[in-house]
Amino acid sequence: MQHPAELSPLGKTSAYVATYSPEQLFPIPRAPKWAELGLTADTLPYGGVDIWNCYELSWLLPSGKPVVAIGEFSIPADSPNIIESKSFKLYLNSLNQSVFESRDALVKVMISDLSAAAGKPVGVRLRTLDEVALDGIAPLRGHCVDELDVAIDHYDAPRADLLRCDANRQVEECLYSHLLKSNCPVTGQPDWGTVVIEYRGAALDHPSLVAYLVSFRQHADFHEQCVERIFLDLQRLLAPERLSVHARYVRRGGLDINPYRSTDYVNADNGRLVRQ
């Protein structure tokens with residue numbers, strides 16, 4: 001079955017347009033992937049957001065002087081569409097030789113373009129490099145499970161059957177792992193990420209979590225769908241009072257994508273990790 005992204009610029013030779021071109025944006029419906037997980041737009045068991053950070057953003061002032069900035073884009077997790085990453089990059093490149101009256105004027109244009117592609121309002125924040133540098137590297141809360149001694153031989157597809165819990169013991173904890181890896185479903189390029197899991201529910205067996213996360217290693221899917229699958233598998237196992245799954249991915253093409261799914265979503269943290 002053809003993946004929807006195979007109709008996009010992903011994996012193809014593309015002309016890089018340097019003047020404003022919103023038609024570069026290629027939306028991909030979320031509905032087919034939701035259906036694979038047994039979900040619809042009306043039955044999503046989570047709220048959340050996909051935070052994209054852009055480190056290669058530039059445009060021209062009316063004087064002709066270039067400006068550089070770091071962009072933060074927040075796409076609602078229940079938006080009808082995701083935006084294919086290469087098309088996003090092509091759109092951002094189209095700003096390089098385009099004139100905008102001010103930073104606020106560019107933000108207004110980007111909100112309009114990205115919201116039209118996603119099908120719901122998208123948040124846009126542009127910051128100077130100095131502002132972002134002041135944030136530094138964010139520490140991770142919780143307990144890292146990566147040093148556990150676990151025998152692993154499953155790498156090709158997510159294996160929810162590997163997960164174990166103690167249903168007789170209720171806990172509240174935050175766990176994280178840097179071992180998450182999957183592959184782009186079109187190009188096969190690796191996607192590296194750190195995943196943070198925070199929950200209150202049946203006690204999750206930590207070694208089984210490591211084996212489960214590593215089972216994504218050769219799995220082909222987009223960042224957003226990987227996080228949603230992890231959320232659903234843990235929700236079914238733990239029957240939690242609350243659950244959040246947050247992944248921080250390493251950038252490709254000047255963009256990193258950071259999906260966040262939660263039963264009690266309020267605001268997602270966008271602190272950069274050491275690999276970002």
Can a donor-acceptor pair be found, under 3.5 Å and without considering hydrogens, that links the side chain of [X] to the backbone of [Y]?
| X | Y | answer |
| --- | --- | --- |
| S215 | R159 | yes |
| Q276 | Y249 | yes |
| N53 | D256 | no |
| T263 | L243 | yes |
| R164 | D161 | yes |
| R275 | G193 | yes |
| S87 | I83 | no |

>> Does this structure show an ion pair linking K33 with E228, if we count only N-O contacts that are shorter than 4.0 Å?
In response: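 Looking at K33 and E228, the cut-off is not met.
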For [X], what residues pass the ring pair (Phe, Tyr, Trp, His ring centres under 6.0 Å) criterion, not counting sequence neighbours?
| X | result |
| --- | --- |
| Y176 | H178 |
| Y212 | F216 |
| Y260 | H246, Y265 |

>> Can you list everything that forms a side chain to side chain contact (heavy atoms under 4.5 Å, CB included) with L129? Sequence neighbours excluded, please.
In response: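 Residues passing side chain to side chain contact (heavy atoms under 4.5 Å, CB included) with L129: V68, I70.
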Pairing residues for [X] by the side chain to side chain donor-acceptor pair (under 3.5 Å) criterion, not counting sequence neighbours:
| X | value |
| --- | --- |
| Q170 | none |
| Y91 | D113 |
| R103 | none |
| D205 | S208 |

Compare every heavy atom of [Y] with every heavy atom of [X], then report the nearest pair and how far apart it is.
| X | Y | answer |
| --- | --- | --- |
| D264 | S244 | OD1-OG, 4.0 Å |
| A202 | L238 | O-CD2, 3.2 Å |
| L180 | A247 | CD2-CB, 4.4 Å |
| R169 | V171 | NH1-CG1, 3.4 Å |
| A220 | P185 | CB-CA, 3.9 Å |
| S94 | S98 | O-OG, 2.8 Å |

Is the shortest side-chain heavy-atom distance between [X] and [Y] below 4.5 Å?
| X | Y | result |
| --- | --- | --- |
| V214 | V150 | no |
| W52 | S85 | yes |
| V17 | L90 | no |
| P121 | I111 | no |
| S177 | V210 | no |
| F73 | L92 | yes |
| E224 | I75 | no |
| R252 | K89 | no |

> Tell me the ring pair (Phe, Tyr, Trp, His ring centres under 6.0 Å) pairs involving residues 185-205, sequence neighbours left out?
Replying inline: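 Qualifying pairs, neighbours excluded: none.
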>> By the ring pair (Phe, Tyr, Trp, His ring centres under 6.0 Å) test, which pairs, at least two apart or in different chains, include something from residues 115-158?
In response: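 Every ring pair (Phe, Tyr, Trp, His ring centres under 6.0 Å) pair that includes a residue of residues 115-158, provided the two are not neighbours, is H143-H206.
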>> Looking at F231, I'd like to know if the NZ or CZ of R261 sits under 6.0 Å from its six-membered ring centre while staying within 45 degrees of the ring's axis.
In response: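 Pair R261/F231 does not count as cation-pi.
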>> Test side chain to side chain contact (heavy atoms under 4.5 Å, CB included) on R217 and I152; report intermediate values, then the result.
In response: CA-CA 11 Å; R217 194 167 179 84; I152 295 175; over 6 Å; no
Treat each ILVMFWY residue as a node, draw an edge where side-chain heavy atoms are under 4.5 Å apart, and state whether [X] and [Y] are in one component.
| X | Y | result |
| --- | --- | --- |
| L140 | V245 | no |
| L57 | L60 | no |
| V250 | Y55 | no |
| V122 | L255 | yes |

> Residues two or more places apart in sequence or in another chain: which of them pass salt bridge (charged side-chain N to carboxylate O under 4.0 Å, His left out) with D135?
Replying inline: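 Result, salt bridge (charged side-chain N to carboxylate O under 4.0 Å, His left out) vs D135: R127.
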> Excluding sequence neighbours, so at least two apart, what forms salt bridge (charged side-chain N to carboxylate O under 4.0 Å, His left out) with R30?
Replying inline: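 Partners of R30 under the salt bridge (charged side-chain N to carboxylate O under 4.0 Å, His left out) test: D50.
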Atom pair [atom1]/[atom2] of [X] and [Y] - distance to nearest 0.5 Å:
| X | Y | atom1 | atom2 | result |
| --- | --- | --- | --- | --- |
| F100 | Y20 | CZ | OH | 6.5 Å |
| C54 | R251 | SG | CZ | 9.5 Å |
| C184 | H223 | SG | NE2 | 8.5 Å |
| E72 | L126 | CD | CG | 10.0 Å |
| H219 | D191 | NE2 | CG | 11.0 Å |
| L204 | L237 | CG | CG | 6.5 Å |

> So, N93 versus Q24: side-chain donor-acceptor pair below 3.5 Å or not?
Replying inline: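 The answer is no; no qualifying pair exists.
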> How about S58 and N96: does a side-chain donor come under 3.5 Å of a side-chain acceptor?
Replying inline: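 S58 vs N96: no donor-acceptor pair found between side chains.
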>> Could you walk me through whether V67 and L106 satisfy the side chain to side chain contact (heavy atoms under 4.5 Å, CB included) test, starting with their C-alpha distance in whole Å, then the side-chain angles of each, then the deciding distance to 0.1 Å, before giving a yes or no?
In response: CA-CA 11 Å; V67 182; L106 175 57; over 6 Å; no
> More than 12 non-hydrogen atoms from neighbouring residues, nucleotides or ligands closer than 6.0 Å to CZ on R141, yes or no?
Replying inline: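 Counting neighbours around CZ of R141, 12 or fewer heavy atoms of other residues, nucleotides or ligands fall under 6.0 Å, so no.
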> Going through the checks in order, is the side chain to side chain contact (heavy atoms under 4.5 Å, CB included) test met by F222 and I28?
Replying inline: CA-CA 11 Å; F222 286 133; I28 298 176; 4.1 Å; yes
> D221 and S182: side chain to side chain contact (heavy atoms under 4.5 Å, CB included), yes or no, with the steps?
Replying inline: CA-CA 7 Å; D221 218 338; S182 54; 6.0 Å; no
